[in-house]
Each structure stands twice: as C-alpha cells, then as structure tokens.
Amino acid sequence: MDKKCTTKTKPFDMKILERWFILCYIVPIYAGSLFGSLFDFIKESCEQAANEPDDTLEILSEYDFIVVGAGTAGSVIANRLTENPNWNVLLLEAGGSEKFIMDIPILANFLQLSEANWDYKTVPSDNYCLGMENRQCNFPRGKVLGGSSVLNFMIYTRGNRRDYDNWEKMGNTGWSFKDVLPYFKKVENFVVPGYDNDTKYHSQDGYVTVSYPPYRSSIGKAAVEAEMEYGSRYVDYNGATSIGVSFLQSSMKDGVRASASRSYLHPIKNRNNFHLKKSAMVSKILINPSTMLAYGVEFLLNNGKRYFVNASKEVIVCAGAINSPQLLMLSGIGPKEHLEEVGVPALNDLKVGYNLMDHIAVGGLTFLVNTTDADSGLLKPKSFKEYFPNHKGVYTLSGGCETISYHDTENPLDPNGYPNIELLYLYGSLSSTRIFRRIFGIDGDIYYKVYGPIIGGSSFMVFPMLLRPKSRGRITLKDNNYLSKPVIEPNYFSEEEDLDNIIKGLKILLNITQQPAMQSIKTELYKKSIPNCEANGFGTDDYWKCMARHFTFTIYHQCGTCRMGSEDDDDAVVDPRLRVYGVKGLRVVDASIMPVIPIGHTNAPTFMIAEKGADMIKEDWNWTSSN
Ligand SMILES: Cc1cc2nc3c(=O)[nH]c(=O)nc-3n(C[C@H](O)[C@H](O)[C@H](O)COP(=O)(O)OP(=O)(O)OC[C@H]3O[C@@H](n4cnc5c(N)ncnc54)[C@H](O)[C@@H]3O)c2cc1C
Ligand SMILES: *[C@@H]1O[C@H](CO)[C@@H](O)[C@H](O)[C@H]1NC(C)=O
Ligand SMILES: *[C@@H]1O[C@H](CO)[C@@H](O)[C@H](O)[C@H]1NC(C)=O
Ligand SMILES: *[C@@H]1O[C@H](CO)[C@@H](O)[C@H](O)[C@H]1NC(C)=O
Ligand SMILES: *[C@@H]1O[C@H](CO)[C@@H](O)[C@H](O)[C@H]1NC(C)=O
Ligand SMILES: *[C@@H]1O[C@H](CO)[C@@H](O)[C@H](O)[C@H]1NC(C)=O
C-alpha cells in the first residue's frame, strides 16, 4: 500500500489503456451476450415492486391492532390478524421496500453494506471480537420490509424437540414440542424431496417455501460425503431427530429468497383492512400510567413528521431482539434503575434487555482446495445467465452456505442426541474477496497478514458453531433518544465452558476434513497464524481458543431479550401468551421472547412463535375463522 502511494505516475499509464479497453470493448460484448438475462432481471425487479404492498395513503386515527416491525414475526402477525375482515391492522416498518436484488441468494452477505441494515456493533471487548476493528463485532439486523429475513442466509432449521420441551418445563405452558409442531407445519410449504411425504413433520399448506437450492458445488458434495465417512447419517434435521448431515434446507422458492414479506405480505396486498407504512419508526408505545393500558404508538417518518395512532385492542411489538427491548425501555418498561439513569420515567420494573443470547462460531477456518468449480467466478456471464431466467446455478447458494451437520459432543453419532455443535460449510472463505473484511468488520492489519497471501484463491470455510451457549449478554439504552443505537454487550465466552465446547466442535471438523472425500479435492487447512495467537503454537487448544476470541463470528441469532416466563419467574418480561407483564393491551411477538435459544437458526422458530402468537391473539379476542 505504501509502495503504491510513493510510486510516481509514469508518462504513459497502461492502466488507462486497459480501462478504456474494458469499457469500450469488453463491456459491450458482455452486455450484448447478457441482454436476455438483463431483461429478465429488470422484469423480475418490476414484478417484485408491483407485488409488494404499497404504503397506505391515509392513516386512520385508530386501529384494532398496531404491529410494530414488518420482519419475520410482524409479517406473520399482520397477515393472520387481517384474516378477520372486521379487524383493521396497521403495520409500521422503519425500513423501506425490499428490492429484487436482495432476493438473489448468493448476494446475502453484501446486503449488510446496504441501507437495509441497522448497522449495529457490539461494545469494544477484551474477551471476544478481538480480531475485529476496534474489538467490536458487527451486528447486522434487517431494516427493510421483511426485516432480518431479507438479510439472512435462508438456512431453515427448526431446532430440536428438546428445545421446546425445555421451554415448557421452565413454566411456559403450551410451548412443548408437541404444542409447537403444528405451528412449524403451518409455516411451511415443504418441498424437500425424500422428506416432503413425511406428514407427521411436514406440510405443503404454509406460506414459506422450504427447498434445497438447485445448485451443488463439489465442495458441498465432498462435505456431505466426508461427514458420512466420519459416521454421520444423512438426515432431515427438520424431522424427528437432528444429529447428522444434510444439504441446506433453505427458505427459498424456485431459487429466490422466500422472505417474510414475500411469503406473508405479498399475498395480502389487496386486503382493505391491512394498512402499511414503511420508513415509519415507532419512537414510543403510549401507555396510560394510571390504568397501565397500552393505547397506541407514536411514530415518525423520515421527514421528521410525527404521528400518534391509537389501538383499540392491542399494540404488538415485533421489532426484533435488539429493537423490541429498546422500544419497551423507551416507553418506560424495563429495569427501573437503568431507565432512571437515562432519564426515562419508569412505569414497570421488568428485566427487559437481559438474557441476550446468540449462536457464535470460530470464524476464519480456511481450507485450500483444488477443484475446478471452487472459484467459478460470480462475475462470469455464465453464472448470470444460469440465474436469469431459470434461477439455477451458483447464484442460488444461500449466501454461500451449502452443507450443515449437527453433532452432540457428549454422545458422538447417537442419532437421537441433542446437538451442541453445528458445522456450517460455506462455498468460499474470508479470502475469496476483500469485501468480506468490510462485511465482517475484521481489523485490516490482521486480515491482510493472515489472508493476504491467498486472496482470490480456491478455498472454503467452515463455521464450528456453539448451539447451546451458557453465556448471556444484555442490551441497554445509550440515552432516551429513540434514534440512538442501543448498547449491545453479548458477553460471549463469559462462561469458559462455551469456549471448551466450541473447540470440541472444531476438532470434529478437523477430523472430517481428513476423510477421503475431502482429501479427493485436496483439502488442506490453511495454517497461517493470527499474529496475536502465534505464541500459542498453531493448532494447539490454546491457539484455537485465542482464534475463537479473535474471530468471534455471530451467526446473527440474537434473541431472548424480552424473555417469556411464568408469573413466578422474576426474569420474565412476557407471559406464556406473550403479554407484557403489568401492562394491558401489549404483547411482544418475535425472537426476543425465546427463554432459551433453540439449537436451530432462529428464523424458523420466529415464524413458529408468530403463528402461535397470532392464534393466541385471536383466541383472546374470541375470533376463530369459522365464526
Ligand atoms: C445477516 C443475518 C443472517 C441470518 N441468517 C439466518 C439464517 O440463515 N437462518 C435463520 O434461521 N436465521 C438467520 N438469521 C436470523 C433470523 O433472520 C432472525 O432471527 C429473524 O429474522 C428474527 O425475526 P424478528 O421478527 O424477531 O426480527 P426482524 O426480522 O429483525 O424484524 C424486526 C423488524 O422491526 C423493524 N423495526 C425495528 N424497530 C422498529 C421501530 N422502532 N419502528 C418500526 N419498525 C422497527 C425492523 O426494521 C425489522 O424490519 C440471520 C439474521 C441476520 C441479520
Ligand atoms: C387516543 O386515545 C387517548 C386515550 O384514550 C385519547 O386521549 C386520544 O384522544 C385518542 N387519540 C385519537 C387520535 O383518537
Ligand atoms: C418418502 O419417500 C421416500 C422416497 O422418496 C421413502 O424413502 C420414504 O420412506 C417415504 N417416507 C414416508 C414417511 O412415507
Ligand atoms: C490441481 O489439479 C490439477 C488436475 O487434477 C493438477 O493439474 C494441478 O497441478 C493441481 N494443482 C495443485 C495446486 O495441486
Ligand atoms: C477421526 O475420528 C475417529 C473416531 O473418533 C477416529 O477413529 C479417527 O482416528 C479420527 N481420524 C483423524 C484423522 O483424526
Ligand atoms: C371471550 O369470551 C369469553 C367467554 O364467553 C368471555 O368471558 C370474554 O370476556 C370474551 N373476551 C372478549 C375480549 O370479548
């Protein structure tokens, strides 16, 4: 870099000629051969825009229900409540429209650089995220119609039956696996061949299509084979048991992202009782302090215009695991001491913002390979043409994620085990493009020292992911301004056991990469040490622990911050019917109610929570579709 700055410009710069050559010659040739595909791209963009529900022009002064946030949960709630033609519902979303380009699966990573991301960061830490810029991890969240289901990697996993049986045992009546299974089925249009006939676990009647992406790379295939050589069974991890390996089951319809908005809001675009406002940020839930009734919300548009709207029945907060606790606290619901500190009058002292959970992985484990398709460039016209109009090819890989396996390090290979580790195999690695440094927020010095020598080469990455973390974090307010980003302290690895378990998972992975199928593509662990960990000796347990503390990668499963619990549970914010304790007419329905994080990626569980929540709301207001 320094060298470049000091080099004097030559009298004639070949670079300029090169650029003109590309611009005047190569680009038109490409564009010409891509003309048909470009046309299809534009056509699909227009279709997406036409199918998305429009903003309501005239907002009423009162609705039956106001739903805050049009993410995974809010989209479901708005859809299900407007099934009753006598109820009118206002859905408020801080973000803007979902664009078609966001729904091309391979681009998932890049959306984090767009305005569809709230762009949060964790507080600087001395225990985790040490390899990131300023020791802060990026915490992307969707700020767009569809919420985080638009930014996510479309990995569709329910979790294990024990997750929900544990919720029930903790006092959450009605949340055992037996109780929630019908709601998981209600969500899905399950078209995974070989398992779609398993009617005990799957259905084709739901709004969200779950399918295998149509493309499989040699790396994804080798991962499945090597897992089986190791002893894993090929499994439907969304069926009876979880342990084993599978190609990704993805929330994807015909090679396009099945976001919450596409799945649940597009079909109700024309319901007259469904009102929607995008770019509308709710700044406060209006609560009458003497009756403790939530009677409406205050929200602001981008132009600063402020609105007050009433809800005659309920306000339903679906703002996600970071923003739901933020909004409750801004409205006076939260830890009294903390609220007073930041100048918010406290109405009800509840443990809002505590119990922050997440799944994290050791990032950066890079394997060099020698296969012909490992670097099949995304920019190649071939890839573009395969995707438009047929939605095939490498663009259909969910942000590069291809293969998943579940392991229980306590009971290795027991098919009925309770996974504590997931291995997530990705097509490509941190070294595939420098843009990944920015997306993950990796410190530039560390990134270039470790990955500089192999940038652009053929490689893949695997995330050993901790599924049942013991550590808990917390969200607090910076101040009483609704525009201030909340303070996020995930406290990763505050329990040493979490670090030990993630290393156990990493070792299983290293074994699997030694299996014949992986060796047949010349898989080789990239052994360049992270400078700060070098002293531990590459490959020792202490080295891996140091690596985990440096490349602490969130898998974006933040949850638990408005925890559900029974009346005698001091840490509970909502009851098992998702009603906020001590406030009438107010529920939280989203990932923040999870008492304990399930072993699945959180999108499917959040869909389930919302489907179940919608039914509870209907029950409590005495409405069933038959009356
Ligand atoms: C980058 C990324 C990758 C992920 N990958 C996967 C994956 O592959 N598989 C998986 O299962 N899960 C994945 N997840 C997690 C999963 O998407 C989330 O757990 C799930 O979407 C959470 O749903 P939610 O309804 O709780 O919140 P969200 O979907 O985040 O919805 C909250 C909505 O509320 C809006 N909002 C917030 N505050 C306000 C306010 N004050 N006023 C108005 N609107 C507001 C937000 O803009 C947002 O649209 C990923 C998440 C991210 C960010
Ligand atoms: C909303 O409800 C409050 C409390 O009942 C009432 O004072 C206010 O006038 C109502 N606002 C509108 C716009 O109806
Ligand atoms: C579903 O079909 C597959 C073959 O595609 C078969 O192996 C399996 O036994 C069937 N399962 C059920 C539950 O019928
Ligand atoms: C990769 O494989 C090809 C053919 O199998 C071989 O010619 C080439 O030398 C290999 N490259 C490396 C770096 O091993
Ligand atoms: C992989 O694990 C199996 C079972 O624990 C063991 O027998 C084998 O030696 C391991 N192989 C490698 C290469 O570590
Ligand atoms: C619903 O019906 C029950 C039983 O008839 C009644 O007690 C309750 O008040 C009704 N609730 C509402 C919100 O109307």
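All ligand and atom numbering here is 1-based and tracks the order in the structure. Because the structure is a prediction, the values reported are computed rather than measured.
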Discussion item. With heavy-atom distances below 4.0 Å as the criterion, list the atoms of ligand 1 near Gly142.
Written reply: 46 (C), 47 (O), 48 (C), 49 (O)

Fill in: Proximal ligand 1 atoms for Leu151, defined as those under 4.0 Å from one of its heavy atoms
1 (C), 2 (C), 3 (C)

Practice prompt. Would you please classify the geometry between the Tyr120 ring and the Trp118 ring as parallel, tilted or perpendicular, with 30° and 60° separating the classes?
Written response: parallel

Worksheet item: When rounded to the nearest 0.5 angstrom, what is the spacing between CG in Leu92 and CG in Leu276?
Response: 8.0 Å

Response to the item:
Taking only non-hydrogen atoms of Pro140 and a 4.0 Å limit, the atoms of ligand 1 in range are 53 (C)

Item to complete: Nearest heavy atom to atom 37 (C) of ligand 1 wins, so pick from Ala319, Gly74, Gly69.
Response: Ala319

Fill in: N or O pair under 3.5 Å between Ala321 and ligand 1
no

Response to the item:
ligand 1 atoms nearer than 4.0 angstrom to some heavy atom of Val144 are 49 (O)

Discussion item. Does Lys99 form a salt bridge (charged side-chain N to carboxylate O under 4.0 Å, His left out) with Glu52? I'd like the steps, not just the answer.
Written reply: CA-CA 10 Å; Lys99 310 284 189 312; Glu52 186 175 283; over 6 Å; no

Worksheet, complete the sentence: d(Glu410 CD, Asn501 CG) to nearest 0.5 Å is 7.0 Å

Worksheet item: Counting heavy atoms only, which of Ser148, Ser149, Ser398, Gly320 comes nearest to atom 30 (O) of ligand 1?
Response: Ser148

Worksheet item: Relative to atom 8 (O) of ligand 1, which among Ile155, Leu483, Val282 owns the nearest non-hydrogen atom?
Response: Ile155

Worksheet item: Under 3.5 Å between some N or O of ligand 1 and some N or O of Glu93?
Response: yes

Fill in: Other residues, nucleotides, ligands: >12 heavy atoms within 6.0 Å of Lys186 NZ
yes

Worksheet entry | Distance flag for atom 8 (C) of ligand 5, protein heavy atom under 4.0 Å | yes

Worksheet item: Could an N or O of ligand 1 be found under 3.5 Å from any N or O of Asp590, whether backbone or side chain?
Response: no

Worksheet item: Does NZ in Lys284 sit with more than 12 non-hydrogen atoms of other residues, nucleotides or ligands closer than 6.0 Å?
Response: no

Worksheet item: Tell me, which protein residue and heavy-atom name are nearest atom 26 (O) of ligand 1, and how many Å apart are they?
Response: Ala591 N, 3.0 Å

Worksheet item: Looking at Glu115 and Lys143, does any basic side-chain N land under 4.0 Å from a carboxylate oxygen?
Response: no

Discussion item. Suppose we measure from atom 11 (O) of ligand 1 to each protein heavy atom; which comes out shortest, and what is that distance?
Written reply: Asn603 N, 2.8 Å

Discussion item. I'd like to check atom 5 (O) of ligand 2 in this structure: does the protein have a heavy atom lying under 4.0 Å from it?
Written reply: no

Worksheet item: Counting heavy atoms only, which of Phe299, Tyr156, Tyr556, Phe139 comes nearest to atom 15 (C) of ligand 1?
Response: Tyr556

Discussion item. Only heavy atoms of Gln514, strictly under 4.0 Å: list the atoms of ligand 5 that pass.
Written reply: 13 (C)

Worksheet item: Taking heavy atoms and a distance under 4.0 Å, where does Asn152 meet ligand 1: side chain, backbone, both or neither?
Response: both

Discussion item. Could you identify the single nearest non-hydrogen protein atom to atom 45 (C) of ligand 1 and state the distance to 0.1 Å?
Written reply: Ala94 CB, 3.8 Å

Worksheet item: Should Trp118 be listed as contacting ligand 1, given a heavy-atom distance under 4.0 Å as the test?
Response: yes

Discussion item. For Leu111, state whether at least one heavy atom is located under 4.0 Å from any atom of ligand 1.
Written reply: no

Worksheet entry | Shortest protein contact, atom 25 (O) of ligand 1 (heavy atom only) | Ala73 N, 2.9 Å

Practice prompt. Give a yes or no on whether a salt bridge exists between Glu611 and Lys185, defined as a side-chain N under 4.0 angstrom from a carboxylate O.
Written response: no

Practice prompt. Measure the acute angle between the ring planes of Phe367 and Phe460, then classify it against the limits of 30° and 60° as parallel, tilted or perpendicular.
Written response: parallel

Worksheet item: On the ring face of Trp175, is Lys612 found with NZ or CZ under 6.0 Å from the centre and within 45° of the axis?
Response: yes

Fill in: atom 1 (C) of ligand 5 - nearest protein heavy atom and its distance
Asn511 ND2, 1.4 Å

Worksheet item: Quick one: CZ on Arg257 to CG on Leu151, what's the gap to the nearest 0.5 Å?
Response: 7.0 Å

Worksheet item: Quick one: nearest non-hydrogen protein atom to atom 21 (O) of ligand 1, plus distance?
Response: Thr72 OG1, 2.7 Å

Discussion item. Can a donor-acceptor pair be found, under 3.5 Å and without considering hydrogens, that links the side chain of Trp167 to the backbone of Pro595?
Written reply: no

Practice prompt. Mind checking whether Ala280 contacts ligand 1 via backbone (N, CA, C, O), side chain (CB onward), both or neither, at a 4.0 Å heavy-atom cut-off?
Written response: backbone

Response to the item:
If you compare Asn310, Leu293, Leu286 by their heavy atoms, the one closest to atom 10 (C) of ligand 2 turns out to be Asn310

Response to the item:
for atom 24 (P) of ligand 1, nearest protein heavy atom and its distance come out as Thr606 CG2, 3.9 Å

Discussion item. If the cut-off is 4.0 Å to any non-hydrogen atom of Ser61, which atoms of ligand 2 fall inside it?
Written reply: 13 (C)

Worksheet item: Nearest protein heavy-atom contact for atom 31 (O) of ligand 1: which residue, which atom, what distance?
Response: Gly71 CA, 3.2 Å

Response to the item:
Counting heavy atoms under 4.0 Å, the part of Cys318 that contacts ligand 1 is backbone

Item to complete: For Thr602, take its heavy atoms, then give the atoms of ligand 1 lying under 4.0 Å from any of them.
Response: 10 (C), 11 (O), 12 (N), 15 (C), 16 (C), 18 (C), 19 (O)

Worksheet item: Within the structure, does Ile555 bring an N/O atom to less than 3.5 angstrom of an N/O atom in ligand 1?
Response: no

Worksheet item: Taking Ser250 for the side chain and Pro213 for the main chain, is one N or O donor matched with an acceptor at less than 3.5 Å?
Response: no

Worksheet item: Is the shortest distance from a heavy atom of Gln112 to ligand 1 less than 4.0 Å?
Response: yes

